[in-house]
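Notes for the one structure printed next.
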Amino acid sequence: MNVEKREDPGMSEQERQRAPTDEFAMNTTGSMDVAPKLQSEGLRAFFGKNEALHGIDFSIRPNKVTAIIGPSGCGKSTFLRCLNRMHELTPGAKASGQVLLDGGNIYAPKIDPVLVRRRIGMVFQKPNPFPTMDIYDNVAAGLKLTGMKKGKNLDDIVKNSLQQASLWDEVKDELHKPGTSISGGQQQRLCIARTIAMQPEVILMDEPCSALDPIATSKVEELMVQLKGTYTVVVVTHNMQQAARVADFTAFFYLGKLIESGPTASLFEKPREELTERYLTGRFG
Amino acid sequence: MDLGMDKLTNLLLEMGELSQQSVAAAMDAYKAGRSAQEVNRWSNKLKQLDDQVSELAIELIARFQPVASDLRYIKASLEISYGFYRYGRYAHDIVEVLETFGDLTKCEHTLVEPTAEKTKEMIKLSVEAFAKQDVELAKKITAMDDYVDNAYRDYIKKLMKSRHVDLRCALSETLILRYLERIADHAVYIGNSVIFIVKGEEPAYAEKN
């Protein structure tokens with residue numbers, strides 16, 4: 001077997017030039033050396049009277065993959081949905097505290113949550129392409145709603161989004177087949193393309209691979225790593241190995257509290273908190 | 001996973017005991033002026049056990065993808081297992097010296113014997129530190145390393161200044177002191193691995209030497 005030094009395929013030439021020479025070394029301290037892209041301050045979330053998040057202070061770095069892990073019911077998905085104001089869409093749900101996007105509070109009065117969700121897109125657990133639309137329209141749907149007409153501009157965005165979602169080569173000759181006719185893994189990448197088409201700054205992913213087989217999972221994981229070159233990615237996952245594989249930073253939630261966060265390698269090798277240690281090693285409860 | 005980890009621990013404890021026994025038997029043979037064929041057998045057994053530890057460690061990583069203290073334990077177990085195997089291998093090398101040079105009871109033992117005692121103490125500490133996961137015991141090993149290093153170095157310097165030496169004694173003692181010095185280094189590495197398991201970081205490299 002020949003072993004040659006290989007470049008990181010996830011980075012463009014431009015990204016490689018601006019990347020630090022030793023990204024892992026930079027990450028070992030976990031200190032916030034850049035302005036956070038997203039930041040929650042005293043974030044509390046409620047379902048009726050039940051408090052699901054108890055004042056979360058957490059910063060998310062730009063152009064990194066941040067994973068949120070924790071047992072079922074720990075509030076990780078609720079936290080994710082608070083980051084783009086989707087939590088409040090659930091009847092009886094509300095949130096308090098602040099979420100800052102580039103320093104601006106997305107919960108401030110007069111902020112339009114629809115615009116927030118355009119800047120902070122979301123991919124869900126189960127691939128959910130619009131069943132009545134073809135592949136092309138699934139990607140273009142959001143833009144059409146904003147008033148964009150059919151034409152070369154839209155075609156370019158659809159193509160570009162599918163390319164960024166690593167799906168273009170697989171569907172370029174069948175853009176007018178129903179979105180639901182492709183495989184589950186392809187459907188999930190189609191949903192990612194749909195999110196990308198809105199040109200968000202942050203992509204939230206709520207267990208994006210839990211309904212996928214290992215091969216489709218691997219493609220989506222590769223995609224997450226590629227996407228961080230352009231976007232800030234936050235992923236909620238039950239799969240600790242997935243967090244270990246794709247995330248630059250990982251946060252551990254338990255019973256609605258942020259227990260510990262830090263660079264993924266150090267959190268997985270040397271967690272600071274006993275609770276994290278017990279969760280990671282499966283000696284919980 | 002826990003069953004696998006227990007098996008790993010048991011293999012390492014078995015290696016610790018056998019390697020300790022091997023070095024003690026080799027040095028007893030040196031003092032008594034005889035060979036110790038059983039050491040060669042034990043050395044081979046230690047190699048087999050080291051291979052088993054490696055296989056089990058890889059299997060645990062592949063099957064359970066351990067993290068946190070489990071991952072540190074498995075990583076450290078590879079170093080510790082190798083250290084125990086090397087104890088046995090150097091014991092085998094000492095026996096080979098005895099077989100090559102014959103009875104060495106006439107040689108001056110004033111440096112080799114106390115150095116061997118110190119080295120055996122380091123081995124005992126390394127086995128105990130691992131068994132008890134005791135950082136304080138592990139730190140003691142490093143503090144003892146200079147004694148063994150200096151014994152080897154001083155002996156070489158003394159030989160270089162000597163005009164008349166008994167070549168048989170000089171060569172055999174140089175080799176044995178060298179093997180003891182290497183065993184002591186492995187004891188330090190094992191101690192550092194114990195510290196890594198418990199605290200998540202090894203002492204700075206400079207502290208090892």
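So you know, we letter chains A, B, ... as the sequences are listed, proteins then strands, and number each from 1. Scope of the values below: all heavy atoms of this structure, side chains included, with no hydrogens, waters or symmetry mates.
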Show me the donor-acceptor pairs within less than 3.5 Å that the side chains of residues 202-215 of chain A make with the rest of the protein, sequence neighbours left out.
from: A:Asp206; atom 1: OD1; to: A:Ser77; atom 2: OG; distance (Å): 3.0
from: A:Asp206; atom 1: OD2; to: A:Ser77; atom 2: OG; distance (Å): 3.3
from: A:Glu207; atom 1: OE2; to: A:His238; atom 2: NE2; distance (Å): 3.4
from: A:Ser210; atom 1: OG; to: A:Gln125; atom 2: NE2; distance (Å): 3.1
from: A:Ser210; atom 1: OG; to: A:Glu207; atom 2: O; distance (Å): 3.2
from: A:Asp213; atom 1: OD1; to: A:Ile215; atom 2: N; distance (Å): 3.0
from: A:Asp213; atom 1: OD1; to: A:Ala216; atom 2: N; distance (Å): 2.7

(Q) Quiz question: by atom type and distance under 3.5 Å, do the side chains of B:Tyr179 and B:Glu96 form a donor-acceptor pair? (A) no
(Q) Under a 4.0 Å threshold between the charged nitrogen and the carboxylate oxygen, would B:Lys120 count as salt-bridged to B:Glu117? (A) yes
Q. Should the heavy atoms of other residues, nucleotides or ligands under 6.0 Å from NZ of B:Lys118 be counted, would the total exceed 12?
A. yes
Q: Answer yes or no: is there a donor N or O on one side and an acceptor on the other, between the side chain of A:Thr232 and the main chain of A:Lys64, under 3.5 Å?
A: no
Q: Would you check if the distance from the ring center of A:Tyr254 to the ring center of A:Tyr279 is below 6.0 Å?
A: no
Q.
Using only non-hydrogen atoms and a strict under-4.5 angstrom cutoff, which residues of residues 67-86 of chain B touch chain A?
A. B:Val67, B:Ala68, B:Ser69, B:Asp70, B:Arg72
